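Written out below as structure tokens is the structure these notes cover.
All figures in this text were calculated on a predicted structure; none of them were measured in a lab. Start at 1 and go down the list; that is how both ligands and their atoms are numbered.
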Amino acid sequence: HPQWYIRCIMYLVAFLHTKHRVTFRGAGLILVCLGFIFSCLMGNFSDAVALPRTLKTVFSRFDINDHFTVHPICFQCHHVFEPDIDPDTFCSDCEEEVFGARASENIDSEPDGAGDGPRLGKRRPNLVSPIQLLSTGLQDFFKRPGMVSAVNCWRSRTQVEGELNCMQDGRVWNEMKDKDGNSFFHGPHADEEIRLGVSFSLDCCSLHNRYRSENLIFSGGTGQKEPTAEQLQHYLKIIVDDLIMLYEDGIVVNTPEFPNGIIVRVESYVLADHR
Ligand SMILES: [Zn+2]
């Protein structure tokens, strides 16, 4: 935003929301009131320079939106469905309806008088879950300049004979095969693509910037209650299916260094790192 004082207010409401849990509605009220005061004092701003009216717009201007996809979830068994399923879908596992009843909306007060009674609104899922698959998260990860060279820097390091200093010195990294039976990280096509070793850390220490928040990809949430072991399998399935696809086929990402796209394949590890 061109005006510094408007930027200050935008930072303020974003901070109040994230740090002090001011709701979207509360932050919106602050923005609308301040916008009204500014317009009284200084005349109306044009739309291009006006104070945003909602916190959602503030997040969008700062490009700090989350990148989750909201999936409908079966209320009973937590089967995860694609976001665009038909509202009449029944869960194939437990035959429960995924969506709730239609809520009635009273449209008597519509200005054009088109409505003359309650009408049925959209059916909404009984339960939803925000999920970000690794394949989606990597698309955003590689849009940042410098990430291609950052993930390839291990290729130029020198290994000290007989010493194990990092994951790349280990046996698994050097012996892991791709789906064609070639070395995953040293095979004939490994230099033409980005080959990633992704660790799922159970307990981790701080190594360089590996665990900085912007480099962590949070896969999803499972609702207000902790799911049972059986329910958790549905969340794990969608994540594991994505990992298998990333290992076998890979994805094409567009980066500042490769605007026409480059293939990324992923090898995943589980670490239990206690120090
Ligand atoms: Zn179900």
Measure the acute angle between the ring planes of Tyr11 and Phe62, then classify it against the limits of 30° and 60° as parallel, tilted or perpendicular. parallel

Mind telling me whether Trp154 and Trp173 have parallel, tilted or perpendicular rings, with 30° and 60° as the class edges? perpendicular

Report, rounded to 10°, the angle at the Zn ion (ligand 1) between the two atoms SG (Cys74) and SG (Cys94). 100°

Under 2.8 Å from the Zn ion (ligand 1), can any N, O or S atom of His79 be found? no

Parallel, tilted or perpendicular, as decided by the 30° and 60° cut-offs, for the rings of Phe59 and Phe24: perpendicular

Can you confirm whether or not the ring centre of His79 sits under 6.0 Å from the ring centre of His234? yes

With a cut-off of 2.8 Å, does any N, O or S atom of His78 fall short of it relative to the Zn ion (ligand 1)? no

